[in-house]
Each structure stands twice: as structure tokens, then as C-alpha cells.
Amino acid sequence: MTRKMLVTSALPYANGPIHIGHLVEYLQTDIWVRFQKACGNTCFYFCADDTHGTPIMIRAKSEGITPETLIERVHREHYKDFSDFAIAFDNYYTTHSEENRILSERIYNGALEAGSIVKKTIEQAYDDQEKMWLPDRFIKGTCPRCKAENQYGDSCDICAAHYQATELINPVSAVSGHPPVLKESTHYFFRLADFADALKELFAAGYVQSSVRNKLDEWFAAGLKDWDISRDGPYFGFIIPGEDDKYFYVWLDAPIGYMASCWNYCKQNGLDFEKVWNSGEYEIYHFIGKDIMYFHALFWPALLISAKLRRPDKLFVHGFLTVNGQKMSKSKGTFVMARTYLNHLDPQFLRYYYASKLSGDVGDIDLNVDDFVNRVNSDLVGKLANLPSRSGPMLTKTLGGTLGTLDEAGRALIDELVQARGVIVQEYETLNYASVIRRIAALADVCNKYVEDNQPWSLIKTHPEKARTVLTAVLNASRILTIYLKPVLPDFAAKMERFLNIPPLSFADTDTVLENHTINPYERLIERVEKEKVDAMIEDSKQQTAAPVAAAEPSKPTLDEPLAEECTIEDFMKVDLRIAKIASASAVEGADKLLALELDLGGVTRNVFAGIAKAYKPEDLVGRLVVCVANLKPRKMKFGLSEGMVCAAGPGGSDIFLLTPDTGAQPGQRVH
RNA sequence: GGCGGUGUAGCUCAGCUGGUUAGAGCAUGGGAUUCAUAAGCCCAGGGUCGGUGGUUCGAAUCCACCCGCCGCUACCA
């Protein structure tokens with residue numbers, strides 16, 4: 001009986017790069033999805049970038065680009081990071097999509113018809129300078145409790161106090177630096193309490209793990225309050241139907257992004273989205289971190305119920321990642337970006353290590369660097385890869401690379417491994433990967449012992465056919481272990497398949513054995529982790545996070561002139577910038593902005609017309625060094641041929657500022 | 001502050017509804033090997049199960065309190 005299911009991971013926010021903390025969730029989910037697929041189930045893995053909200057808007061502004069450009073770039077980066085960790089989404093979409101807009105409106109309208117949307121007037125901080133509303137996070141000031149300066153509007157990092165933004169002493173907008181004013185506005189609210197009974201029913205049906213349930217009961221006891229689902233413009237998001245400057249709060253459309261991603265996939269693959277999501281034919285599961293339980297356990301199912309849509313079957317909540325027992329730290333270098341990890345280490349190491357720690361409950365998991373190295377090397381290399389490594393070459397070199405048949409002892413070994421299948425499947429299903437990994441490692445111990453007991457390296461000298469029989473058992477055992485490991489280590493499995501000269505393995509293949517079959521020459525399945533590389537990764541993380549932290553203070557974050565599109569180093573190298581000495585300068589007859597400059601590039605001369613006459617007098621320029629674009633295509637102008645450009649900053653008119661090199665630069669030197 | 005989770009050998013973790021001398025892997029020490037990515041095999045040392053008190057014939061396992069750590073405390077993505 002095959003199952004059909006839709007699985008999602010929480011949508012990463014398009015405000016920053018993926019780090020190893022995020023990866024806990026994506027790897028946990030990916031392993032589960034791969035497991036389901038390996039069992040023959042239909043399982044779609046959907047995700048997307050979460051792209052709306054004030055932080056995106058401000059971030060884009062500070063980079064001098066549009067939010068659309070920002071989220072498009074981040075989407076690309078996120079997707080690349082995930083792909084390189086072998087996280088295989090069936091669709092990785094975006095919440096800034098037509099599908100998502102339509103679904104958001106549909107769900108909103110559904111809630112409206114259900115009578116669960118109400119309007120209320122609230123007071124909120126407003127930045128008069130920037131003409132925008134300020135979330136608490138964008139208000140800074142002095143903590144009312146401990147008087148620590150420069151704290152956020154919701155809580156204090158120093159004394160952990162929670163307060164209202166209005167309680168801050170000397171509050172200022174983090175965007176403009178000006179004190180915010182309080183202003184009234186009408187917001188839309190979703191009446192969560194209307195769905196209390198429906199939610200209780202959902203929890204009773206096992207929507208979440210029991211420890212999560214306890215937490216939810218607490219929230220229930222505290223009372224379900226109305227949820228503010230609108231934001232006033234300017235805001236990057238979807239406009240609310242019937243309004244012209246009110247938008248859906250990003251957290252409203254974020255989970256709807258799961259559906260939008262699904263819908264988009266359905267369109268591309270000829271599936272009926274309404275049927276896939278709503279008919280009950282597919283089980284629906286969300287993997288999330290414990291920090292966003294409130295949204296996924298309460299708001300999200302309530303919204304779906306209000307709109308008469310199918311709600312998910314289960315939430316799988318996981319804990320956070322600590323490194324060496326502590327919160328990830330930028331200064332300690334343990335705040336490792338996915339990309340940084342990939343620059344130094346094999347992603348399979350992390351997949352294996354996380355799997356070895358994940359047990360399906362909400363506890364935090366710890367990445368202990370020494371443990372990481374030891375564990376990967378001893379389990380993965382020392383035990384698992386060791387089996388084919390110690391038997392493959394022997395079979396190839398002396399016995400023609402052909403497997404024989406299993407004898408009774410070999411059969412017994414394989415049976416023992418195959419017997420574990422039921423428990424392993426159960427443990428994968430219940431997210432207890434740690435137990436799966438322990439079990440696989442223990443089975444690898446059994447196999448290594450088998451090799452030791454049978455000593456094929458001795459047999460091969462005296463009884464080569466007996467050696468073949470032993471090696472046949474060992475390689476078949478490796479094959480079974482590979483099947484068990486495949487959801488965690490797809491690349492390792494692929495190499496094994498190539499080595500064994502077989503089609504891709506799935507769980508059903510434990511029912512068969514490989515006999516009288518010729519394999520390919522052995523190639524290494526995985527390399528050892530070197531501690532030095534891990535150290536280098538940590539060091540690298542320290543370096544790269546040090547700078548942005550200092551530069552993060554958004555005192556004057558806006559650019560008058562938006563940043564140009566990204567260019568490569570090759571693009572930049574096309575432009576030949578040279579130090580030039582202004583040999584002569586003169587006003588141009590009939591032009592009020594131009595100066596005719598004669599530039600000395602260390603022997604080579606260029607005549608350039610520069611539009612700087614309003615800012616510089618010719619006599620002040622002669623003899624000074626400037627930077628010029630030396631390989632610019634000459635341009636015929638009314639007053640003659642201009643053979644280059646002089647670099648300058650400023651908006652123009654009298655506000656033009658020529659670039660000057662530091663003392664020591666010589667005419668003709670190239671700028672790199 | 002309130003609440004949820006968690007605290008078991010050097011490290012990372014198993015120990016379900018309480019029951020013989022508390023387990024695994026890694027790390028450490030010793031030994032026999034050499035097919036294998038200094039991998040594999042055998043043996044050994046190592047823990048008063050965060051603390052105190054209680055329930056019980058008996059508690060790491062149940063209860064109370066205390067301490068440490070992680071998190072949540074809703075308009076913050």
C-alpha cells in the first residue's frame with residue numbers, strides 16, 4: 001500500500017543566507033522525504049523563500065535595490081546552498097508569486113465570510129522622516145529596566161526584559177534615527193478564538209508531539225487573542241482586497257507559500273491542485289522549528305479551517321542547533337554559513353552527523369566539533385566504508401571481480417541485517433534517525449567481525465573460491481547497509497551503486513541478493529574529515545562575520561543612486577583604470593560644463609573632455625593625479641574626440657569630486 | 001516573573017509504564033593481526049545517573065523543592 005504525501009520545511013526568510021542552524025530542519029526533512037520515496041511512496045517536498053515584510057523592504061533600500069531584485073538574488077543563493085547539501089525539493093518557490101497572492105486572497109476572503117475578520121484601531125510607532133510604520137524591532141532606545149542603551153523595541157538583550165516599545169527611554173527609529181511618533185491606524189484582525197474548539201479537536205487527533213502539546217495547552221489557557229494580519233504601507237507584500245494602502249502581514253502569506261509552491265508544482269506537472277491539497281488523498285506534513293510553533297499550530301490551521309481548506313495532518317517540531325554546547329556565535333566562528341561549510345567540508349558529513357543526533361523530539365541538538373570529526377571518521381569511514389574497501393579490491397584483483405553465491409554463514413549474516421529493516425523503517429518514519437544510525441553502525445560492527453572471523457585475506461591464498469564466498473557475503477551486507485543509509489547519504493549510496501554495478505537501490509531491494517554478478521573496480525566512497533579543515537572553516541566564519549557585524553549599524557542606510565546589478569571580477573577587469581596626471585586643462589569654447597584635459601598615463605597621452613567645469617577651475621587641475629578609464633571606446637563629440645573618462649563621485653553640477661590616489665601612485669599604474 | 005524542555009562515564013547519547021552488579025559509540029590504556037582511508041578484531045579502566053528530601057521491600061526511572069542550561073512569553077520573519 002503506497003501512500004501519497006506533501007511535505008514542507010519552514011520557508012527561510014529572504015533576508016539573509018542559510019546557515020548550519022537552518023540546515024537541521026532541511027536535512028531532517030530531506031532525509032524523511034528520501035526515506036518515503038525509497039519506500040515507494042509518492043512524496044512531494046515543497047518549500048519556498050519567505051519574501052515579504054518590513055525587514056526585506058529596509059534591507060533592499062539599504063542596498064539600493066528593489067525588494068524584487070533582493071529576493072530574486074537571495075532565492076538563487078538559498079537554492080544553490082540547499083542543492084549543494086543534496087536537499088532535493090520537488091519545488092522551491094517564492095511567496096512573492098501570483099499563486100500565493102491568489103491563495104492569500106482566497107483564504108482571507110474565506111475568513112471574512114466566516115465572520116472571523118474584524119477591524120480595530122491601534123496605535124503604532126511611525127517614522128515621520130521615512131514615512132513608514134515601525135515594527136518594534138526597528139525602534140531602538142534605552143532599556144527601561146536596566147538602562148542598557150541601544151536596545152530593540154520589544155526586549156532587552158542585556159537584561160532580557162520584555163516591554164512595549166513605548167516604554168523605551170529616548171526611542172529612535174532604527175531607519176532614520178529620528179524619534180518615532182505614535183499614530184493611529186485601522187488594522188485587520190483574525191479572530192483566532194473562533195477556532196478554539198476546532199483546534200482542540202485537531203490537537204486531540206495528534207497534530208503535534210506530546211511535549212509540544214503541553215506548550216500549546218499553556219497558550220490555550222492564556223486565551224487566544226485576535227491576530228493582527230494587516231500592515232499599512234509602505235510595505236512589501238500583497239495588498240488587501242478593497243484597500244489601497246494596507247497589506248497582508250508577512251506571516252499571513254508565509255505559510256500559504258506552502259500551498260503556492262504545491263500549486264505551482266501541480267501546474268507544471270499536470271496535477272489538479274484542488275485535488276492534491278484538498279481531497280485528503282495526500283497526507284500533509286510540516287517540519288518546523290520550535291520557535292514558530294505558535295504560527296503553525298494555531299494561526300495556520302485556523303486560517304485553513306476558516307477558509308474551508310484542508311489543514312495539515314501533523315507538525316514535526318524540532319529544536320535548535322548549538323555548537324560545542326553553546327548558542328552559535330559569530331565571534332567564536334560557530335555561526336557557520338552553509339556556503340562557508342561547503343567551501344571546506346563534504347556536505348555528507350553534516351548530513352550524517354545531524355542524522356546521528358536527531359531523535360524527533362523538540363530538544364536542541366549539539367554539534368560538538370571533536371565529536372563530529374570522531375564520529376564521521378570512525379562510523380562512516382572506519383566501519384561502513386571499510387567493508388567494501390577491504391573486500392572490493394580483493395575480489396577485483398584476484399577473483400576477476402565476480403561475486404559467487406552465499407553459503408549458509410553468509411546467508412545468516414544477510415538475514416540478520418535484513419531483519420533490522422522493520423525497526424529501521426519504523427524509526428525513520430518516527431524521525432528517530434539517531435537510533436537508525438546507531439543501529440546501522442552496530443550492524444557494520446557485526447559485518448566487520450564477520451570479515452575478521454573468516455579472514456578472506458588468508459583464504460584467498462589457499463582456498464580462493466571460499467574467499468569469494470566470504471567476499472560475496474560482505475559485499476551483499478554492504479549493499480543492505482547502503483539501502484538503510486541511502487536517505488541520509490545519497491551520494492555515498494550512488495557511489496556504492498556504481499561500484500556494485502547495479503541500478504539505484506530502494507528499500508524493496510533488501511529482499512534480493514547479488515550473486516554471480518560482476519562489480520566495478522572499487523573507488524573510495526568517502527574521504528575522512530580532517531580536523532584542520534574544520535578549524536579552517538571556523539576561522540573563516542570568524543573572519544567573514546566580524547566585518548558585517550560592525551558595519552550593520554544602519555545609521556544612514558539609504559543610497560541615492562541604486563546599486564548596479566552584480567558583476568563578476570572578470571567584468572570589472574574589463575575596465576582598465578589608470579592613474580593619470582593632468583598635463584593640461586582648458587575651458588572648452590561653447591561648452592559650459594566641459595573641460596578639455598590632456599592626461600599623461602606615464603608616457604601615453606589621452607585627450608579627454610570631462611564634464612567638471614562647474615566644479616573645478618582648469619588652473620587648479622594641472623599637475624594633479626586622477627583615475628581615468630583608459631580603455632574606454634573613444635567618443636566623437638561636438639568639440640573633438642574624447643579618449644577616456646575621469647572618475648569622479650557626486651551628483652553633478654558643482655558637487656563633483658575627483659578621485660585622487662594616495663601619495664606614491666605613479667601615472668600609468670593600473671587600478672586593481 | 002510565569003510556563004515548556006533538559007541535566008546519565010572525558011565527549012555525544014540510549015535507558016518504555018520503578019526491580020538482579022547502570023548501557024552504547026567515540027576517546028583512553030593493553031594485546032593479537034594486516035585485507036582495508038593509522039581502518040578492523042579481542043580485553044581493560046572509567047559514572048555515588050545535577051542537588052536535597054520524600055513515596056516504596058526496592059528509584060537514574062514516581063513526587064516535592066532547589067541549582068544549571070535551552071526556549072517560549074503572540075503583532076518580532
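Lettering of chains follows the sequences in order, A, B, ..., and the numbering in each one begins at 1.
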Rounded distance in Å between the C1' positions of B/rA44 and B/rA32: 15 Å
Euclidean distance for P, B/rC72 against B/rG58 (whole angstrom): 43 Å
Inter-nucleotide C1' distance (B/rG19, B/rU61), Å rounded: 11 Å
Minimum-distance nucleotide (side-chain atoms of A/Lys449 versus B/rC41, B/rU33, B/rU12): B/rC41
Phosphate OP1/OP2 of B/rA39 contacted by A/Arg390 side-chain N/O (<4.0 Å): no
NZ or CZ of A/Lys290 within 45° of A/Phe320 ring axis and under 6.0 Å: yes
Candidate nucleotides B/rA36, B/rC41, B/rG71, ranked by approach to the side chain of A/Phe320 - the nearest: B/rG71
Closest to side chain of A/Arg438, choosing from B/rU37, B/rA14, B/rU12: B/rA14
Candidates B/rA27, B/rC70, B/rA36 - which lies nearest the side chain of A/Asn374: B/rA27
Between B/rU33 and B/rA24 - C1' atom distance, rounded Å: 25 Å
Check: A/Phe316 ring centre within less than 6.0 Å of A/Phe287 ring centre: yes
Phosphate OP1/OP2 of B/rC13: any A/Lys357 side-chain N/O under 4.0 Å: yes
Plane angle bin for A/His52 and A/Phe236 - parallel if under 30°, tilted between 30 and 60°, otherwise perpendicular: perpendicular
Residue mapping more 5' on RNA chain B - nearest nucleotide basis, A/Ser389 or A/Asn15: A/Ser389
Plane angle bin for A/Phe189 and A/His187 - parallel if under 30°, tilted between 30 and 60°, otherwise perpendicular: tilted
Aromatic ring pairing A/His296/A/Tyr258, orientation class (parallel under 30°, perpendicular over 60°, tilted between): tilted
Nearest-nucleotide comparison on RNA chain B, the residue closer to the 5′ end among A/Leu192 and A/Trp457: A/Trp457
Spacing of the C1' atoms in B/rC57 and B/rC13 (rounded, Å): 33 Å
A/Lys327 side-chain N/O to B/rG71 phosphate OP1/OP2 under 4.0 Å: yes
